[in-house]
Amino acid sequence: MTTLTHLECSLCHEHHDASIPQNLCDCGGPLLARYDLDKVRESWNREWIPNGPSSMWRYAPVLPVRNPAAVISLGEGMTPLVKTHRLGEKLGLPKLWIKDEGVNPTGSFKARGLSCAISMCAELGVKKIAIPSAGNAAGAAAAYAAAAGIEAHIFMPRDVPQANYIECKATGAHVTLVNGLISDCGRIVNERKTSEGWFEVSTLKEPYRIEGKKTMGYELAEQMRWTLPDVIFYPCGGGVGLIGMWKAFEEMETLGWIGSKRPKMIAVQVEGCQPIVRAFEQGAERSVFFENAQTVASGLRVPKPLGDFLVLEAVRKSGGTAIAVTDREMLDAGIELAELEGMFAAPEGGACVAALRQLLANGFLKSDESIVIYNTGSGIKYLEAYSTRFARLDDSEYDKLGGLITPR
Ligand SMILES: Cc1ncc(COP(=O)(O)O)c(C=O)c1O
Ligand SMILES: [Zn+2]
C-alpha cells in the first residue's frame, strides 16, 4: 500500500521517524511525509488509478497509511471538476472550471486532511485528539474521530458558523467555544495537551492533514488527463491546501506523470485578514500576525499561518500572486456563482471568483488561459453569512400578507 519512508523537516531537513505520532521538529518546522517515489514509479501506473476506490484513497501508495484496515473514509475526494458555462461566458473565459469541494463529507475540503490525519491516529494508537479550528476543520475532525472511535476535543471561536458547532456536538465531540480567534484556540490546546494526554492535530503541527489535502492536486491532474491548468485560485487561510497541491505536483513530476510546467498559484485572502497578501507585497519570507482579523469567511480568519513561508515560496515560484477582496465582493461573487452555475459555494469560493474578476481587469490574467477555482466548501455551512442578503420575513409579516389577500 503506502511507500512512506520517513518525515522530513521543512526548515532544517532533519529526518524523523514516521512509525510514531509526531508533531513539529525541534527547530519548530512542520514535518513533511516522504515516500519511496522510485518504488512507486516502478510498481504503479497512473492508468490503474481508476480501478481504485472512488475517493482520495485511490492514491494510497502516496498516502501515509500502512494498514488498509486503519483507513477511516467517509467517501472524501473525487469531487467534481465543473466546467463553467454562464459564469465563464460572462467573464469572457472559455476555459474556466470550478473544483467543487463543497460536496465532500462534512461539506468542505477539510474532510480530506482529517480523513488522512485521523486514519494515521488510528494506525498509531492515538486515543484522544485536540484541534484548534476556524470551523470546518473542527467539523471534519469530529466526524472522522467519531468514525474511528477516537475522543475529540474541539476549540473554536465563539462566533463560528452555527453549522460547525452543531456538527461537532452531533458527532459527539467535546466542544469549547473560545472568546478569540483560532490563534487563541491553538494556545489553549498547546497549554493543556500534555496534562490531558491529547494528540494535537493543528494545521501543519502534525504531518498528515497536508497529505490528505495534496490529493486535490493529484485529482486535478487525473481529471485533466495528466495536464495542469495555467492558473489555480485557492482561498488561503492556513494555506495547507495550496502547499499540499504544490507538493503533489512535485511528486507527480518525479513519478513522470506530469511535466515541469506549474500553474500560477493565486492565494486569495480577504481585506479583514490578509497576512499572506501583505507579506507577498512586501517581498517578505514570513507573514506578520494580522491584528483584529475579521471576516465572514471563517476559514480565512487565520491571522498568522504557520506554513506562511511555504505558501509564499509556492506562490512566488509559480509566478502567481496573492490578492485580497472585501467581504462584500466575496458574498456578491458567491451569489453570482450560485445564480449562474447553480453552485451554492462557501464565501471562500466566492472570494476566488471576486479575485478572478480583479486579476482579469488589471491584466494579470488573459482570457485564453485555463483557470481552475477551488470552491473549498458548501454555502449551506454559512447560512448566517448569506442570510444577511436574503433576510426572511418573520411570521407577523407573512400574516400581514395573508391578511391582505385572504382575510382569515
Ligand atoms: C471553506 C474553507 N476554505 C478555505 C480554508 C482555508 O484553508 P487552508 O488552511 O488550506 O488555507 C478553510 C479553513 O478553515 C475553509 O474552511
Ligand atoms: Zn527542523
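Just follow the structure's listing: the first ligand is 1, and inside any ligand the first atom is 1.
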For Thr106, side chain to side chain donor-acceptor pair (under 3.5 Å) partners two or more places apart: none
salt_bridge(Lys304, Asp308) N-O dist < 4.0 Å: yes
Atoms of type N/O/S from protein, distance to the Zn ion (ligand 2) below 2.8 Å: 4
Are there any N/O pairs under 3.5 Å between ligand 1 and the protein, and if so, what are their distances?
residue	atom	partner	partner atom	Å
ligand 1	3 (N)	Thr376	OG1	2.6
ligand 1	9 (O)	Gly238	N	3.0
ligand 1	9 (O)	Gly239	N	3.3
ligand 1	10 (O)	Lys213	NZ	2.9
ligand 1	10 (O)	Tyr234	OH	2.4
ligand 1	10 (O)	Val240	N	3.1
ligand 1	10 (O)	Gly241	N	3.0
ligand 1	11 (O)	Gly237	N	2.7
ligand 1	11 (O)	Gly238	N	3.1
ligand 1	11 (O)	Gly239	N	2.5
ligand 1	14 (O)	Lys110	NZ	3.3
ligand 1	16 (O)	Asn136	ND2	2.8

Side-chain ion pair, Arg58 and Glu222, N-O less than 4.0 Å: yes
Side-chain donor or acceptor of Glu211 paired with backbone N/O of Leu63 under 3.5 Å: no
Sidechain N-carboxylate O distance under 4.0 Å for Glu251, Arg41: no
Results of salt bridge (charged side-chain N to carboxylate O under 4.0 Å, His left out) for Glu285 - residues two or more places apart only: none
Pairwise side-chain contact, Leu7 with Asp17, heavy-atom cut-off 4.5 Å (strictly under): no
Test item: Glu200 side-chain N/O and Val189 main-chain N/O as donor-acceptor pair under 3.5 Å: no
Donor-acceptor pair between Thr295 and Arg301 side chains, under 3.5 angstrom: no
